[in-house]
S.K.: 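Structure below; questions to follow.
These numbers were taken from a predicted model, which means no experiment stands behind them. Residue indices begin at 1 and follow the sequence shown.
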Amino acid sequence: MALVKCKECGSKVSTKATACPHCGAKINKGMGCGTLIVVLCIAFFIVSVMLRSADRSDESQSVSTEAPSESTSLGSPSVVVSPPANSQPVASPIISRQADIAVQNLIVKRVPVGNSTRFRYFFTTKNNGSTPFVGNVNIRLHTRTTGITNADFKCDILPGIQGVNYIDARTGPERFHADSAYVEFSYRATVDSAVVAEGRGTITTKFEDLSQ
């Protein structure tokens, strides 16, 4: 048991007493050894947490303030964004704006259509370019005079591949209808209304009569 001095009357009072037996003043016992140890442990823990937080803050600032390796033409730093490690590149279709399209008259056939016969002009449209052609091809049939028959074909042709289309007309090749016959053709390839290829050719002499 320890004795302490009363602050009011100066008498010695036991530390176990709650009040001074002489004057009745409350006794301030102070902090015991056990309590002091607990307080010191808590203070040490708080200080260590604060130091760790400060270290992490310094690391994040050193990363965020690192200068980028490239700059824009105006001198301001550009932002370089790296894709996630597991991301896959998205393939976007490439449409040729200067397509290497070739059209050729393959054969002419006389075919029955209803109660009459028609001349069917078969054409091949080949993509000789290195990119897919997705657009429109217009083919016109020309006579020696002013008569013209034309048709539009929507095309989606891979490089090195050719498609086949045909045009039905009442007029046949030159050897059947003289000056009113079709003697040549022209074509124009467009992508979104922009002309990317065009040319001309002659009507083939290959003929087949399927109307008999």
Side-chain angles (χ1 to χ4, degrees), residues 70-74 78-212:
E70 296 180 0
S71 299
T72 62
S73 59
L74 296 179
S78 60
V79 179
V80 180
V81 180
S82 299
N86 297 327
S87 64
Q88 296 294 331
V90 179
S92 58
I94 301 175
I95 299 176
S96 175
R97 294 290 174 178
Q98 191 59 41
D100 189 358
I101 298 297
V103 177
Q104 182 179 2
N105 184 204
L106 185 63
I107 192 173
V108 181
K109 297 182 180 182
R110 193 200 309 261
V111 296
V113 179
N115 297 325
S116 62
T117 59
R118 299 282 179 88
F119 291 93
R120 183 162 290 177
Y121 294 78
F122 288 85
F123 291 90
T124 59
T125 303
K126 186 175 182 180
N127 180 6
N128 294 319
S130 59
T131 58
F133 171 75
V134 182
N136 187 79
V137 176
N138 178 271
I139 301 177
R140 292 173 176 263
L141 302 177
H142 300 265
T143 68
R144 292 187 183 276
T145 57
T146 58
I148 295 177
T149 298
N150 72 91
D152 290 317
F153 303 100
K154 291 183 178 180
C155 300
D156 186 350
I157 311 174
L158 295 175
I161 303 299
Q162 67 181 16
V164 178
N165 297 299
Y166 64 83
I167 301 176
D168 281 346
R170 295 184 181 275
T171 302
E174 182 179 14
R175 61 183 180 275
F176 298 113
H177 295 278
D179 289 343
S180 62
Y182 290 115
V183 294
E184 63 179 10
F185 69 93
S186 64
Y187 65 92
R188 176 173 293 179
T190 58
V191 175
D192 295 335
S193 300
V195 178
V196 295
E198 55 185 351
R200 299 180 73 90
T202 57
I203 299 299
T204 181
T205 58
K206 293 181 180 180
F207 179 78
E208 185 177 358
D209 192 345
L210 302 178
S211 62
Q212 298 177 354

S.K.: Does F207 reach the side chain of F119, with side-chain heavy atoms less than 4.5 Å apart?
M.R.: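 Yes, their side chains come closer than 4.5 Å.
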S.K.: Rounded to the nearest 0.5 Å, what's the gap from CD1 on I157 to CD on Q162? Could you check?
M.R.: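 Nearest 0.5 Å value for the CD1-CD distance: 9.0 Å.
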S.K.: How far does NE2 of H142 sit from OG1 of T202, to the nearest 0.5 angstrom?
M.R.: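 The NE2 atom of H142 sits 12.5 Å away from the OG1 atom of T202.
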S.K.: So do T117 and V111 actually touch side chain to side chain, heavy atoms under 4.5 Å?
M.R.: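 A side-chain contact is absent here, since even the closest heavy-atom pair is not under 4.5 Å.
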S.K.: Could you measure the distance from the CG atom of D100 to the NZ atom of K126? Nearest 0.5 Å is fine.
M.R.: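 Reported value, rounded in 0.5 Å steps: 10.0 Å.
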S.K.: List the atom of P159, the atom of G129, and the distance in Å for their closest heavy-atom pair.
M.R.: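 For P159 versus G129, the nearest heavy atoms are CB-O, 3.2 Å.
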S.K.: Looking at F122, I'd like to know if the NZ or CZ of K109 sits under 6.0 Å from its six-membered ring centre while staying within 45 degrees of the ring's axis.
M.R.: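 Here K109 passes the 6.0 Å and 45° test against F122.
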S.K.: Going by the side chain to side chain contact (heavy atoms under 4.5 Å, CB included) test, name the single residue among T125, N128, V196 that passes it with F133.
M.R.: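 Exactly one candidate clears the test, V196.
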S.K.: CZ of R200: more than 12 outside heavy atoms within 6.0 angstrom?
M.R.: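 Enclosed.
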S.K.: Using every non-hydrogen atom in the two residues, find where P173 and A181 come nearest and quote the distance to one decimal.
M.R.: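 It is O-CB, 3.0 Å.
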S.K.: Compare every heavy atom of G201 with every heavy atom of E184, then report the nearest pair and how far apart it is.
M.R.: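 It is CB-O, 3.1 Å.
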S.K.: Assess whether a salt bridge exists between R118 and D168, defined as any Lys/Arg side-chain N lying under 4.0 Å from an Asp/Glu carboxylate O.
M.R.: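 Looking at D168 together with R118, the answer is no, because their closest N to O distance does not fall below 4.0 Å.
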S.K.: Parallel, tilted or perpendicular, judged at 30° and 60°: which one describes the rings of Y121 and Y182?
M.R.: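 Y121 vs Y182 ring planes: perpendicular.
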S.K.: Give, for atom CZ of R188 and atom CD of E198, the distance between the pair rounded to the nearest 0.5 Å.
M.R.: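 Answer rounded to 0.5 Å: 5.0 Å.
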S.K.: Would the distance check show the side chain of D209 and the main-chain N or O of S211 forming a donor-acceptor pair, the cut-off being under 3.5 Å?
M.R.: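 Checking the backbone N and O of S211 against the side chain of D209, a donor-acceptor pair under 3.5 Å is found.
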S.K.: Check whether any side-chain heavy atom of I139 lies under 4.5 Å from a side-chain heavy atom of V103, and answer yes or no.
M.R.: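 The answer is yes; the side chains approach within 4.5 Å.
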S.K.: Is the distance between the ring centroids of F123 and F185 less than 6.0 Å?
M.R.: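 Ring-ring flag for F123/F185: true, centres closer than 6.0 Å.
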S.K.: Within the side chain of S193, is there an N or O that forms a donor-acceptor pair under 3.5 Å with the backbone of T190?
M.R.: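 Such a contact is absent between S193 side chain and T190 backbone.
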S.K.: Does a salt bridge link E208 with R110, judged by any charged N lying under 4.0 Å from a carboxylate O?
M.R.: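 Between R110 and E208 there is no salt bridge, as every charged N stays at least 4.0 Å from the carboxylate O atoms.
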S.K.: Would you check if the side chain of N127 reaches a backbone N or O of G160 as a donor-acceptor pair within less than 3.5 Å?
M.R.: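 Here the side-chain-to-backbone pair does not exist.
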S.K.: Can you tell me how far the CD1 atom of I167 sits from the CG atom of L141, to the nearest 0.5 Å?
M.R.: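 The CG atom of L141 is 4.5 Å from CD1 of I167, to the nearest 0.5 Å.
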S.K.: What is the distance from atom CD1 of I107 to atom CD of Q104, rounded to the nearest 0.5 Å?
M.R.: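 One gets 12.0 Å once the value is rounded to the nearest 0.5 Å.
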